[in-house]
Amino acid sequence: MTVNSMSFFIFFLGMALVYYLPFLKKYQWMVLLAASCLFYYFAGAETFLYLILATAATHCAALALDRLNLRQEAWNAEQKGHCTKDEAERFKAGIKAGKRRILVLDVMVTVGILAFVKYGDFIVENVNRIPGVKAGLGLTPLNLIIPLGISYYTLQSIGYVMDVSKGKVRAEKNILKTSLFLVYFPQITQGPIGRFPQLAPQLFGSHAFCWRDFSFGFQRVLWGFFKKTVISERMSPFVDEIFLDYGQYGGFTLLLGCIYFSVQAYMDFSAYMDIVAGFSQVLGIHLEENFRRPFFSQSLAEYWRRWHISLSSWFRDYVFYPLSLSSRAVKLSRLGRKFLPAKLAKLVPSVYAMLFVWFATGLWHDASWRYICWGVANGVIMISSLCLSDVFQGWKDRLHITEKNPVWNMVRIVRTFLLISLLKVFPAAMDLGGTVGILKKIFTDFHLSFSYQAWFPGLEVSHLAYILFGLLLCLLIGIWQERKGSVREGLETKPFVLRWCLYAVVLCAILSIGALGSDLSGGFEYAQY
């Protein structure tokens, strides 16, 4: 059961009716928990075991860290001015060491589960490739089924525990509420990765039915279905065809395939987020925005501030900052000052942290070398841009180019989009060998062609018309949002009849030109992560 299926519509409608029963207002979180467990089961969960283990570890670690925070607060209140500096330092060191042990143990359990089920076969496969190892050890593939949503709820649980450790939030005493935070449907299958301070009060609180939330949520669900059925589902077959049999196409078509895949992946992933956010808003729950018009970005770094925002911000807050401020980063910075110019030496901690973050980001997406290389490639490009920023600024000064120059900004947007699309060759290919083969053809067998087959191989003209109509509408709405803000806020000022007539038109477009299967449309690509 996916969030864009008819079965989910029926499931959600029944749950929402129960959710808003007046006598259950204080127990709405229980309704959400029960619904989330049912959804997780019917969405294809093979087992709850890993989720239960991760929840138990998260809850126990948060409680233990919270007790240490309270102990430190009590000691500070009681001993202030009554202890020596050495005593205070020893006490703080003891608390810090205790927190470190708890965090390490929690990460070992939660990340250990993720590593075992998601990366076990990848490790076995690569160990067996070492000369002499396969014959000597004979490691057998585990062939484990990856639990639904494990990559998402693992990061969410670690973020919560680290926030408790830093004293940003108090630990939740009720393990069932902790479970709801991790398993809230349908966020669990594909994000966004929630933060406890923002999401938990909404999940645990009471919500009265709000017509504005219902209207806004309904609009967003419709918009998500439009992007999914009219654009993503119609693009998916011919994009897949390009990369499944890339050998028969020239470099020009393969480059176009990378561009098409970039657009199709965005439409698919952002459509899911629109649907999820819309359904949640009907329940009075406002999820974190996960996309902010990423194709308007003028640099790769800006793109990652606009694309999959919850993942990018998670790695920034819980990995990049701690690593760049760590003692090891400081040591590397000192070493860099001996061999590098002063400006570059200052960047050493950031470079060190960025390389690790992007390696981890690639590995998080999938246990494969092509995703690891994709992550490292993103990191290398951004590190290069960071190190060469003064050189680029010098060129712009000599050419009298300012940041307000619209032509220059458009060039940057196009350049960034092409770079993003070219990087999509890593996830688009079936394996790293395919990636190398596609890149080789793009750079050595590139011949511009104006034939329809070279531009849109295997795509019917009528389907192309539907896709172009959808993309044009998305572009116009994106420009409106970039310049004037929320489209939904603007619609709210229009007459009631006009608004609902517009909704009806969008619904008719979905039903008439959308690619609808037996269960509305296909699943979502990012659910596999």
Within the 4.5 Å heavy-atom criterion, are [X] and [Y] side-chain neighbours or not?
X: Asn378; Y: Thr361; answer: no
X: Ile477; Y: Trp223; answer: yes
X: Leu32; Y: Leu283; answer: yes
X: Trp314; Y: His308; answer: no
X: Pro237; Y: Glu241; answer: no
X: Gln72; Y: Lys99; answer: yes
X: Gln28; Y: Leu203; answer: no
X: Glu460; Y: Leu464; answer: no

What's the separation between atom [atom1] in [X] and atom [atom2] in [Y], rounded to the nearest 0.5 Å?
X: Ile193; Y: Gln156; atom1: CD1; atom2: CD; answer: 7.5 Å
X: Trp29; Y: Asn174; atom1: CH2; atom2: CG; answer: 4.5 Å
X: Ile146; Y: Phe116; atom1: CD1; atom2: CZ; answer: 12.0 Å
X: Leu33; Y: Leu176; atom1: CG; atom2: CG; answer: 6.0 Å
X: Ile158; Y: Thr154; atom1: CD1; atom2: OG1; answer: 6.5 Å
X: Tyr466; Y: Ile513; atom1: OH; atom2: CD1; answer: 6.5 Å

(message) Evaluate Leu155 against Ser151 for side-chain contact (heavy atoms from CB on, under 4.5 Å), listing each step before the verdict.
(response) CA-CA 7 Å; Leu155 295 191; Ser151 296; over 6 Å; no
Give me the ring orientation class for [X] and [Y]: parallel if the planes are under 30° apart, tilted from 30 to 60°, perpendicular past 60°.
X: Tyr40; Y: Tyr153; value: perpendicular
X: Trp374; Y: Tyr371; value: perpendicular
X: Trp307; Y: Tyr266; value: tilted
X: Phe12; Y: Phe185; value: tilted

(request) Walk me through it: do Val18 and Leu24 pass the test side-chain contact (heavy atoms from CB on, under 4.5 Å)? (result) CA-CA 8 Å; Val18 174; Leu24 289 178; 3.7 Å; yes
Could you tell me if the ring centre of [X] sits under 6.0 Å from that of [Y]?
X: Phe291; Y: Phe269; result: yes
X: Phe181; Y: Phe196; result: yes
X: Phe9; Y: Phe225; result: yes

Closest heavy-atom contact between [X] and [Y]?
X: Gly98; Y: Leu68; answer: C-CD1, 3.8 Å
X: Val282; Y: Tyr20; answer: O-OH, 2.6 Å
X: Pro427; Y: Arg370; answer: O-NH1, 2.8 Å
X: Tyr119; Y: Leu363; answer: OH-O, 2.7 Å
X: Gly514; Y: Val230; answer: CA-CG2, 4.0 Å
X: Ser297; Y: Thr416; answer: O-CB, 3.6 Å

Decide, yes or no, whether a salt bridge links [X] with [Y] under the criterion of side-chain N to carboxylate O below 4.0 Å.
X: Arg220; Y: Glu289; value: yes
X: Arg195; Y: Asp163; value: no
X: Glu482; Y: Arg306; value: yes

(message) Apply ring pair (Phe, Tyr, Trp, His ring centres under 6.0 Å) to residues Trp364 and Tyr152 and explain how you reach the verdict.
(response) CA-CA 9 Å; Trp364 178 88; Tyr152 294 94; 5.2 Å; yes
(request) Evaluate the criterion side chain to side chain donor-acceptor pair (under 3.5 Å) for residue pair Tyr272 and Thr2; output intermediate values, then yes/no. (result) CA-CA 10 Å; Tyr272 177 91; Thr2 60; over 6 Å; no
Does the side chain of [X] come under 3.5 Å of the side chain of [Y] through a donor N or O and an acceptor N or O?
X: Asn69; Y: Lys166; answer: no
X: Tyr184; Y: Ser280; answer: yes
X: Gln264; Y: Ser232; answer: yes

Atom [atom1] of [X] with >12 non-hydrogen neighbours under 6.0 angstrom:
X: Tyr27; atom1: OH; result: no
X: Lys96; atom1: NZ; result: no
X: Tyr41; atom1: OH; result: no
X: Phe356; atom1: CZ; result: no
X: Arg316; atom1: CZ; result: yes

Any donor-acceptor pair under 3.5 Å linking the side chain of [X] with the backbone of [Y]?
X: Thr110; Y: Asp106; answer: yes
X: Gln281; Y: Ala277; answer: no
X: Ser312; Y: Ile309; answer: no
X: Thr58; Y: Ser157; answer: no
X: His207; Y: Gln202; answer: yes

(request) Would you check, one step at a time, whether the test side-chain contact (heavy atoms from CB on, under 4.5 Å) holds for Phe320 with Phe315? (result) CA-CA 6 Å; Phe320 177 80; Phe315 274 105; over 6 Å; no
(message) Tell me which one of Arg234, Lys228, Lys227 satisfies salt bridge (charged side-chain N to carboxylate O under 4.0 Å, His left out) with Asp268.
(response)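 That would be Lys228.
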(message) On the six-membered ring of Phe216, is Arg212 placed so that its NZ or CZ lies under 6.0 angstrom from the centre and within 45° of the ring axis?
(response)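 Judged by the rule, Arg212 and Phe216 form a cation-pi pair.
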(request) Assess whether side-chain contact (heavy atoms from CB on, under 4.5 Å) is satisfied between Cys474 and Ile231, documenting all intermediate values. (result) CA-CA 10 Å; Cys474 287; Ile231 305 175; 3.6 Å; yes
